[in-house]
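First up is the structure itself, then whatever we jot down about it.
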Amino acid sequence: MLTVLFLGDVVGEPGRKAVIARLPELKEKHALDFVIVNGENAAGGRGITGKITIELLRAGVSVVTTGDHIWDQKEIVSFLALEPRLLRPLNYPDGAPGGGSIVLETAKGKIGVINVQARTFMQPILENPFRALEPAVTKMRQETANIIVDAHGETTSEKIALGRFLDGKVSAVIGTHTHVQTADEQIFPGGTAFLCDAGMCGPVESILGRAIEPIMNRFVSNLPASFPVAAGKVRLRGALIEIDETTGRALRITRVDEPGPSEPASPEAEPKVDIEHAPSPEQT
Ligand SMILES: [Fe+2]
């Protein structure tokens, strides 16, 4: 059995410090074979740098996925060519720097990761993710049936449609981008695990990881403002996926909701259920 930890959008220094601090312990606790994190908000809440990518990889992350904020830090354009374990969305037009998928070897066989960006309420509007996924998944399945897809998008409907579209073709489709963990983890009839949004790794006394007051004032006043990353208590949210590596079918998916390094471990075994959707200041 392949055990994969998928962590949602890492927000700023609080988020990445928490991931780096807790990952060794989580690896041991869950006997993890592979770790995927979405890092597109890891640099002060906007984009990711080469240095941060390397820090995450050194901490035990196998692949870093991204989304609409991939280009926010200018240096990332050249770094993408050097580090194939940092993905940008697959459905950019041909010629975009970097890659949208990767296959890596583990002790239990190969595992592939594909990063795709949805289109509804997303900027920029990329190529059709469904059309882009078809040939990418077909090609990857010639190498391995163990495939995890990060579906980075705003709407529940488009992410569920992507999950249903890929049912039976990949091991798991996990949504990212909204920073709010959904409670719809399930395994579709074809054997594909699904969670509409993994949630975020970041400060919870916040609005999507940013300080509350500036975001609230923006909605109240409509005036431009900057949105600093919030401080305080951090949670690590995502999903644990168990895969039969002989078939690529998911056996189990469990939501992850772990405290940051400064918080005492939660005694309850079951993760909390959160609301589904929220405004998206990260798109402003
Ligand atoms: Fe995003």
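The chain is numbered in sequence order, starting from 1. Indexing begins at 1, ligand by ligand and atom by atom, following the structure's order. What you see is a predicted model, and the numbers here were worked out from it, not measured in a lab.
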>> Do Gln117 and Asp68 have side chains that approach each other closer than 4.5 Å (heavy atoms only, starting at C-beta)?
In response: yes
> Residues in side chain to side chain donor-acceptor pair (under 3.5 Å) with Glu25, at least two apart?
Replying inline: Arg22
> Got a sec: is His69 within less than 2.8 Å of the Fe ion (ligand 1) via an N/O/S atom?
Replying inline: no
By atom name, which N, O or S atom of [X] is the nearest to the Fe ion (ligand 1)?
X: His177; value: ND1
X: Glu40; value: OE2
X: Asp68; value: OD1

>> Check this for me, if you would: do Lys108 and Glu245 make a salt bridge, where the nitrogen-to-carboxylate-oxygen distance has to be below 4.0 angstrom?
In response: no
> Are the side chain of Ser171 and the backbone N or O of Ile148 linked by a donor-acceptor pair below 3.5 Å?
Replying inline: no
